Every structure is written in C-alpha cells, then in structure tokens.
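Data first, discussion second: the structure below is written as structure tokens.
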Amino acid sequence: MIIWSGWGVLSVLIAAIAFAGGVLLDLQLPRVGIPAPTGLVLAWLVGASANWVLGKRLNGRPGREMIDARTGQRVLLVRKHTLFWIPMQYYSIPMLVLGALVVVGLVLRTPPA
C-alpha cells in the first residue's frame, strides 16, 4: 500500500520512468560505442533532478491564511506533497544513491587493465 498526500505519488512515477528510460538507453547506447550502464546512471541523475525541482516547487508554495470565525485565530493552510510522510523532494537522494551504486557496480565489474 502506497500512502501519499498531494502530488507525492509523482516520486514513484518519476523513479519508474527514470528506470525504464535508463534501461532503454542502455539497450541503444552500446550501438554507438558508449558503455552500457551510462544510460542508467544518466537516467537516475535526470530523474533525481526532476524530482527535486518538482518537489521543491510544489512544497514551496505559500499557504492560505484563514481566520477562524469562532476564535479569531489565524490559521495557515499549507498543502503538503509527501510519500510515506516524507516530502517528495527527499526521494531524490535514494535516486542519486541508486545511480552511484550503478557506477560502483560498473567499477567492480570491470577487470583491471
């Protein structure tokens, strides 16, 4: 079960698109002489960047100030965009870590010259 508020579920969609795009790039890039995991690393970087920018923009919107009619108190209503109670821009960090793990896997897999 996925729990989100606002547009927080977009983080899952962005990660899925980044992964699928990376796999598709890795299938095509060796034809032009670029090593295979380059597409996946690039896709994770682009996905993390897009998620960060979108999350900061959505969660940085100003709230609406309301006045409670009974008490006269001011209340600030702010819409949050979260996934599992974590603001969506912070899901960019695991995407970057996944990209770094692909690079580490490539380095460990490559035989020394």
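All of these numbers come straight from a predicted model, not from anything done at the bench.
Residues forming a side-chain hydrogen bond (donor to acceptor under 3.5 Å, both in side chains) with T38 (at least two apart in sequence, or on another chain): none. Q28 meets the side-chain hydrogen bond (donor to acceptor under 3.5 Å, both in side chains) test with R31; sequence neighbours excluded. Judged as a salt bridge (charged side-chain N to carboxylate O under 4.0 Å, His left out), and not counting sequence neighbours, R64 has no contacts. Listed by chain and number, the residues in a side-chain hydrogen bond (donor to acceptor under 3.5 Å, both in side chains) with S49 amount to none (sequence neighbours excluded).
Hydrophobic clustering (ILVMFWY, side-chain heavy atoms < 4.5 Å, transitive): L24 and I17 are in distinct clusters. In this structure, I34 is not a member of the same hydrophobic cluster as V41, with clusters built from ILVMFWY side-chain heavy atoms closer than 4.5 Å. Residues L13 and L58 share a hydrophobic cluster, clusters being chains of Ile/Leu/Val/Met/Phe/Trp/Tyr side chains in contact below 4.5 Å. Under the 4.5 Å side-chain heavy-atom criterion for Ile, Leu, Val, Met, Phe, Trp and Tyr, M95 and L42 are members of distinct hydrophobic clusters. With hydrophobic clusters built from ILVMFWY side chains whose heavy atoms lie under 4.5 angstrom apart, L98 shares a cluster with L45.
Between G47 and A18, the closest heavy-atom pair is CA-CB, 4.1 Å. Between N51 and S11, the closest heavy-atom pair is OD1-OG, 2.9 Å. Counting all heavy atoms, side chain and backbone alike, L25 lies closest to G39 at CB-CA, 3.8 Å. Summarising the geometry of L40 relative to V23, their closest heavy-atom pair is CD1-N, 4.1 Å, with the distance given to 0.1 Å. Across every non-hydrogen atom of P37 and L106, the tightest pair is CG-CD1, 3.6 Å. Residues S92 and A48 approach most closely at OG-O, 2.9 Å, considering heavy atoms.
For the pair W44/F19, a side-chain contact is recorded, criterion being any heavy-atom separation below 4.5 Å from C-beta on.
Here the OH-CD1 distance, from Y91 to I93, works out to 11.0 Å after rounding to the nearest 0.5 Å.
When hydrophobic residues (I, L, V, M, F, W, Y) are linked wherever their side-chain heavy atoms come within less than 4.5 Å, I67 remains an isolated member.
Residue Q73 qualifies as open at atom CD: its count of foreign heavy atoms under 6.0 Å is 12 or below.
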What donor-acceptor contacts under 3.5 angstrom involve side-chain atoms of residues 78-89, with partners at least two apart or in another chain?
unit_1 : atom_1 : unit_2 : atom_2 : d
H81    : ND1    : W7     : N      : 2.8
T82    : OG1    : S5     : OG     : 2.7
Q89    : OE1    : N59    : ND2    : 2.8

